[in-house]
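All chains are named by letter (A, B, ...) in the order of the sequence lines, taking the proteins before the strands, and each is independently numbered beginning at 1.
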Amino acid sequence: MIPEAENATLGVGRRTVQLTNLDKVFWPELGLTKRDLLQYYADVSSFLLPHLRDRAMVMKRYPNGIHGKCFFMKRTPPSRPEWIETCDIMHKSGNLIDFPMVQDLASLLWLVNLGCIDLNQWYARCDDVDRPDYLHFDLDPVEGADFVKVRETATVVRDALVALGMEPLVKTSGSKGLHLYVPIVRGPVQKEVWRFAKALAKLLAQEHPALITAEYRIADRPHGRVLVDYNQNAWGRTLASLYSVRPTDRATVSTPVTWEEVERGIEIADFRMQNVPQRVSKLGDLWARLLAPRGRFPLPEVP
DNA sequence: ACATATC
DNA sequence: GATATGTAATGCGCA
DNA sequence: TGCGCA
Ligand SMILES: [Mn+2]
Ligand SMILES: [Mn+2]
């Protein structure tokens, strides 16, 4: 349990983590505080942590809640406890950046205490940051498209992947759309994964022009379609992780769902900080397969 | 949230 | 002492 | 060469 005091020192296993400003209201409309956010992450941690382990984290900090100013941070703050592990990544610009990694519950609470509401991990583990463990499609409704179309698009993308011998997983983004992920056999570099995702997205947009677009320029995206965004499959980019709370009015959560749920008709707002822990403790991690050594798919040739 | 700079 | 500022950035496609 | 884009 997260302590009731405004500031607290919490023993977590062999670590001690400092938690601060616990009564600060992060969601004024819902009356949810930073303590509630930390408690949520503690509650889902056993399902979340395996997905973050050994991956560099990009921090998006909201020190004053969802309506306050936010900022990105990559470098681990110098004030970190000495037991926070980092991942040093050389950038083409010449910058060597020490990203934090979330290796256990203590480091997860430390990161969330910085004001990180959603969590953004690299697709590739730190030992080889250019060889991702998955490919994904980020489905976003363009202006004028409703969530029914997003779900329909998801099944179209799923069927295309199945036809190529893969079995994608699906989650709500917690924002406006859905995320489809495929666990791949590690080997291809990020650019090769990107090339495959781009080719498939463009093909599907061609086959379903009334439903799907894959245009990267906003002005070129036709009204009422669903963007199949392949472009996030790139070095150094991230998406909100599974079980991430989003800085939305309803405290929505990026939640793994079954394909049956997608077909029956779920909504983004069905999955919130207040009900996802119960769901996850009942169903377990629907995305455990994303990390399993078996059941990974070789990246197909560009379709 | 916090270190640093500038007034 | 008060207030302002920074805190990330790749790289592809195209004009 | 520089913008748009996430
Ligand atoms: Mn999205
Ligand atoms: Mn997107």
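Computed from coordinates, the A:N113 CG to B:dA1 P distance equals 9 Å when rounded to whole Å. Rounded to an integer number of Å, the gap from A:Y62 OH to C:dT7 C1' is 14 Å. If you measure from atom NZ of A:K69 to atom P of C:dT7, you get 15 Å, rounded to the nearest angstrom. Atom CZ of A:R61 is separated from atom C1' of C:dG6 by 12 Å (rounded to the nearest Å). Distance A:E215 CD to C:dG13 P: 13 Å, rounded to the nearest Å. When rounded to the nearest whole Å, the span between CD1 of A:I117 and P of B:dA1 equals 12 Å. The CG atom of A:D220 sits 9 Å away from the P atom of D:dC5 (whole-angstrom rounding). What separates CG of A:N7 from C1' of B:dA1 is a distance of 12 Å, to the nearest Å.
In this structure, A:K24 reaches the sugar-phosphate backbone alone: every heavy-atom distance under 4.0 Å involves primed, P, OP1 or OP2 atoms, never a base. Contact annotation for A:R195: no contact, since no heavy-atom pair falls under 4.0 Å across all strands. At the heavy-atom level, A:L114 lies nowhere under 4.0 Å from the strands shown. At the heavy-atom level, A:L239 lies nowhere under 4.0 Å from the strands shown.
Taking only side-chain atoms of A:H91, from C-beta outward, the nucleotide of D:dC5, C:dA9, C:dG13 with the closest atom is C:dA9. With distances taken from any side-chain atom of A:M73 to the nucleotides C:dA9, C:dT7, D:dA6, the minimum falls on C:dT7. With distances taken from any side-chain atom of A:F71 to the nucleotides B:dA1, D:dA6, C:dA8, the minimum falls on B:dA1. Comparing atom distances between the A:W235 side chain and each of C:dT10, C:dA9, D:dC5 picks out C:dT10 as nearest. For A:D229, the side-chain atoms get nearest to D:dA6 when compared with the rest of C:dA9, D:dA6, B:dA1. Among C:dA9, C:dG13, C:dT10, the nucleotide with an atom closest to any side-chain atom of A:R217 is C:dG13.
The shortest distance between the side-chain N/O atoms of A:S93 and the OP1/OP2 oxygens of C:dT10 is below 4.0 Å. Close to C:dT7, at under 4.0 Å from its OP1 or OP2, lies no side-chain N or O of A:K60. Within the structure, a side-chain polar atom (N or O) of A:K191 is placed less than 4.0 Å from OP1 or OP2 of C:dC12. For the pair A:N95 and C:dA9, the criterion of a side-chain N or O lying under 4.0 Å from OP1 or OP2 is met. Taking only side-chain nitrogens and oxygens, A:K92 comes nearer than 4.0 Å to OP1 or OP2 of C:dG11.
Closest-nucleotide positions on DNA chain C for A:K198 and A:R237 were compared, and the one nearer the 5' end corresponds to A:R237.
When the P atom is compared between C:dA8 and D:dC3, the two are found 22 Å apart, to the nearest whole Å. Spacing between C:dT5 and D:dA6 at atom C1', rounded to whole Å, works out to 25 Å. D:dC5 and C:dG6 are spaced 23 Å apart, taking the C1' atom of each and rounding to whole Å.
Under a 4.0 Å N-O distance rule, the pair A:R186/A:D127 qualifies as a salt bridge. A salt bridge is defined here as a Lys NZ or Arg NE, NH1 or NH2 lying under 4.0 Å from an Asp or Glu carboxylate O, and A:E267 with A:R151 meets this definition. Between A:D23 and A:K34 no salt bridge is recorded (no basic side-chain N to carboxylate O distance below 4.0 Å).
DNA chain B lies under 4.0 Å from no heavy atom of any residue of residues 75-90 of chain A.
Here the two rings, on A:H136 and A:Y230, have centers that are 6.0 Å apart or farther.
You cannot call A:W194 stacked on the base of C:dG11; the centres under 5.5 Å and planes under 30° rule is not satisfied.
Using modelled atom types, one finds no donor on one side chain facing an acceptor on the other under 3.5 Å when comparing A:Q18 with A:N113.
Here the CZ atom belonging to A:F147 is positioned 4.0 Å from the CG atom belonging to A:L178, to the nearest 0.5 angstrom.
Between the side chain of A:D146 and the main chain of A:K149, a donor-acceptor pair closer than 3.5 Å is present. With A:R246 contributing its side chain and A:S173 its backbone, the two residues share a donor-acceptor pair below 3.5 Å.
Taking the six-membered ring for Trp and thresholds of 30 and 60 degrees, A:Y243 and A:H51 have ring planes more than 60 degrees apart, a perpendicular arrangement.
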